[in-house]
Amino acid sequence: MNRNRYSIILYILSTLVKLASSINPELATTLREAAYLSQYNLTYRYPSEASDDFNPSPGELKKAYRLAFEVYQNFIDAMPTEITGQSQE
């Protein structure tokens, strides 16, 4: 895996965390947790650059899936209703 790409993604996520924390602290927490998912992004997006040591177990894949869904849901929940079209409860 190209460590330079991984570093760039982590830098971008840390920047988003800083920006989000001033607006929505819960979203900032979610973004911090999302950094864990970067390894999946790089491995499956650039398979020729993947390292052999990244071989997640079924349990790790389930954890990553749950986390990705939680990140997605938190972003949707943080968006204004004008964007999502969902009514506020």
Side-chain angles (χ1 to χ4, degrees):
M1 178 183 323
N2 185 322
R3 294 293 171 197
N4 190 37
R5 282 190 182 132
Y6 187 71
S7 297
I8 291 169
I9 288 173
L10 290 179
Y11 173 77
I12 291 169
L13 280 173
S14 69
T15 302
L16 287 172
V17 166
K18 289 176 190 172
L19 293 170
S21 64
S22 65
I23 299 167
N24 185 330
E26 185 178 312
L27 191 56
T29 301
T30 300
L31 283 169
R32 265 188 227 99
E33 293 170 358
Y36 169 81
L37 298 171
S38 296
Q39 60 191 335
Y40 289 91
N41 174 41
L42 292 173
T43 298
Y44 296 109
R45 186 171 185 180
Y46 306 103
S48 64
E49 297 177 14
S51 62
D52 293 333
D53 62 341
F54 183 73
N55 200 1
S57 69
E60 291 170 322
L61 291 171
K62 286 179 185 177
K63 174 186 173 186
Y65 177 81
R66 283 192 302 271
L67 180 57
F69 183 79
E70 183 180 321
V71 169
Y72 168 80
Q73 194 60 54
N74 283 332
F75 266 93
I76 295 299
D77 292 346
M79 290 180 175
T81 57
E82 297 83 23
I83 294 173
T84 63
Q86 297 176 349
S87 63
Q88 290 188 353
E89 297 171 20

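Computed from heavy atoms alone, side chains included, the values below leave out hydrogens, waters and symmetry copies. Quick note: residue numbers are just sequence positions, from 1.
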Verify same cluster id: Leu61, Leu67 (apolar side-chain graph, 4.5 Å): yes
Sorted by chain and number, sequence neighbours left out, side chain to side chain contact (heavy atoms under 4.5 Å, CB included) with Lys62 holds for Arg66
Results of side chain to side chain contact (heavy atoms under 4.5 Å, CB included) for Ala64 - residues two or more places apart only: Tyr36, Leu37, Tyr40
Who pairs with Gln73 by side chain to side chain contact (heavy atoms under 4.5 Å, CB included), at least two apart in sequence or on another chain? Phe69, Ile76, Asp77
